Amino acid sequence: MDHSRAPVLDALAAYHQEGQLPFTPPGHKQGRGADPRVREVLGDAVFRSDVLAISGLDDRASGHGVLEHAQELMADAVHAEQTFFSTCGSSLSVKSAMLAVAGPGEELVIARDAHKSVVSGLILSGVRPIWVEPRWDPDRHLAHPPPAEAFAARLDEHPEARGALVTSPTPYGGTADLVAIAAVCHERGRPLIVDEAWGAHLPFHPGLPSWAMDAGADVCVTSVHKMGAGLEQGSVFHQQGDLVHPTELKAREDLLGTTSPSVLIYAGLDGWRRQMVEHGRDLLQNALDLAERVREEIAGIPGFAVQGRAEFTGHGRAHDLDPLPVVIDIAELGTTGYQAADWLREHHRINLHLADHRRISAQLTFADDEDTVAPLLSALRDLRDHVERTAGAGHAPRVAVPSPEDLRLELVRPPREAFFGDAEQVPAAEAVGRICAEMLTPYPPGIPAVLPGERINAPVMEYLRTGVDAGMVIPDAADPTVKTVRVHREP
């Protein structure tokens, strides 16, 4: 296929050249009606290209096949059979994939380190989760994707399960053995969904971990806005094989998606695909070289322990590692990741990708260069000096991270039933032993510590309470301070 073409961008250019005059939404009419103060911040180009997809970018019947051609090019670029664009982020795309595999009351085998968007899909659909426990590093308090044999065991225990879902890469960069997991699913005639939101770049360089389509997955979901160059909410989901029908997959997306998709987001997806096919390997090689140097420099700062293959991969850990998220353990520095991230933003205008009780992460992409990493390195050195001057080691707020055994909460009721059932707000101490009726999700990375339907135990409650006191953010709770918790009202 001719990857020098960008059908969405070409159609948008033609729209401008032809002087199309809209008597349709958007109501700003290419910016003419927008407040000048808004245009001053956003720029005229944003409004000028914010047009309708149908009766705008394409004709009333989509007769030019603009979007279809762009999706075909994307599928060809990443070795998929079908690709669908989404302007609602991978949070919607992964729900579409789940609903194409399992329906209300049916079972889906899912790695428990799933993003909250997967749990939202369970709540909305009524699909029943069969959880697979992730691999847990008890020393670093970090979860890695489950191994293939864990999926095989759960599929054998639940032969009626409709398929499986795994997250790879994790927000920390660890990846699953997708080839092996796909094999155990296919041996049982079941499809594999991969939430590969953090893996948009993986198909375009051989030095990166295996890409889900090449590994044999049936459906995968990718956030191009995360590790690619798409606009926020730009997502794609890919399909291959005959275990998930593409018509059903598209129908589920139509059910959940907007009827007013953003052409701006479509254009970002289309242009990024062309950029990656033409220049992706060189761009990513530069990013990998830069990440290696940045890791070496940070490792030389006292109190900073850069987490690489030695720490993240091997027996009982991740199968492979994407090196572009630069994860730094600062436990020895004497501060938390929450405090470090806040201080870096306040004093150096550095915004980090991720922060937890003992780590920070700087997400590098092919857009980074010496001009962006130099301020980062300078800010990290200054952080180290600041902590040494003001507090010293050993003064970080305590976060009571539970053992792997205590993190395994009992699922008493289906998530949908618990979420929509009769509930009450009770003090945190009284929530212990009760069935949770909401998601309690430290964010980022957005992996729920407690799901609707799980019975809350004391160690997890203490983890969330001490975490919030130390700077953890739990935005989806009815009470983000977690002084009170929404629980199922039982007889």
Side-chain angles (χ1 to χ4, degrees), residues 91 112-120 122-123 141-143 171-172 330-331 334-347 351-361 387 390-391 394-403 406-413 415-416 418-490:
S91 293
R112 179 57 180 83
D113 58 339
H115 188 264
K116 62 178 288 186
S117 58
V118 172
V119 180
S120 299
L122 297 173
I123 292 170
H141 299 138
L142 191 67
Y172 294 89
I330 56 172
T335 188
T336 64
Y338 312 124
Q339 292 173 317
D342 292 346
W343 189 89
L344 287 167
R345 176 181 167 89
E346 179 181 354
H347 294 276
N351 291 280
L352 293 177
H353 152 227
L354 186 149
D356 64 21
H357 67 288
R358 62 182 291 172
R359 280 170 291 264
I360 53 177
S361 174
V387 173
T390 57
H395 293 273
R398 170 182 170 271
V399 180
V401 181
S403 68
D406 286 332
L407 282 170
R408 297 186 182 103
L409 300 180
E410 178 190 9
L411 185 65
V412 182
R413 293 183 179 274
R416 178 182 177 88
F419 186 86
F420 288 114
D422 192 15
E424 60 182 335
Q425 201 80 14
V426 301
E430 296 179 20
V432 174
R434 301 288 299 274
I435 299 171
C436 195
E438 62 181 345
M439 276 192 279
L440 301 177
T441 310
Y443 211 98
I447 299 168
V450 187
L451 307 178
E454 289 184 334
R455 193 177 299 282
I456 303 169
N457 66 19
V460 169
M461 195 73 258
E462 185 184 11
Y463 164 59
L464 295 172
R465 287 290 309 120
T466 57
V468 168
D469 289 344
M472 179 189 291
V473 177
I474 306 180
D476 49 9
D479 175 7
T481 70
V482 200
K483 292 179 180 177
T484 63
V485 178
R486 188 170 176 80
V487 297
H488 181 66
R489 193 190 302 271
E490 299 175 74

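Note that this is a predicted model, so its numbers are computed, not measured.
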Residues pairing under side-chain hydrogen bond (donor to acceptor under 3.5 Å, both in side chains) where one sits in residues 455-465, two or more places apart or in two chains, turn out to be R398-E462
Looking at I360 and A341, what are the two nearest heavy atoms and their distance?
-> CG2-N, 4.4 Å
Find the distance between CG (D356) and OH (Y443) and round it off to the nearest 0.5 Å.
-> 15.0 Å
Would you call the rings of H357 and H141 parallel, tilted or perpendicular if under 30° counts as parallel and over 60° as perpendicular?
-> tilted
Distance col, row L451:CG vs R112:CZ, nearest 0.5 angstrom, shows 4.0 Å
Apply the side-chain contact (heavy atoms from CB on, under 4.5 Å) test between V482 and each candidate in T466, I474, V450; give the one that qualifies.
-> I474
Who pairs with D113 by salt bridge (charged side-chain N to carboxylate O under 4.0 Å, His left out), at least two apart in sequence or on another chain?
-> none
Hits for side chain to side chain contact (heavy atoms under 4.5 Å, CB included) against A431, two or more places apart or cross-chain, chain-then-number order -> V426, I456, M461, V485, V487
Please name the pair of heavy atoms, one in P171 and one in P445, separated by the smallest distance, quoted to 0.1 Å.
-> CG-CB, 3.6 Å
Do you know which two heavy atoms are closest between V468 and P480, and how far apart they sit?
-> CG2-O, 3.9 Å
For F420, which residues count as a side chain to side chain contact (heavy atoms under 4.5 Å, CB included) partner, sequence neighbours excluded?
-> I123, R416
Is Q339 reaching over with its side chain to a backbone N or O of T336, donor-acceptor style, under 3.5 angstrom?
-> yes
Around atom OH of Y172, are there more than 12 heavy atoms of other residues, nucleotides or ligands at under 6.0 Å?
-> yes
Qualifying salt bridge (charged side-chain N to carboxylate O under 4.0 Å, His left out) pairs with a residue from residues 472-488, counting only residues at least two apart or across chains = K116-D476
Interatomic distance, E490 atom CD to I435 atom CD1 [nearest 0.5 angstrom] | 4.0 Å
Closest non-hydrogen contact found for M439 with P448 is SD-CG, 3.9 Å
Do you know which two heavy atoms are closest between S91 and H115, and how far apart they sit?
-> OG-CE1, 4.4 Å
E424 meets the salt bridge (charged side-chain N to carboxylate O under 4.0 Å, His left out) criterion, sequence neighbours left out, with R434, R489
Specify the closest pair of heavy atoms between A449 and L464, including all atoms of both residues, with the distance to one decimal.
-> CB-CD2, 4.0 Å
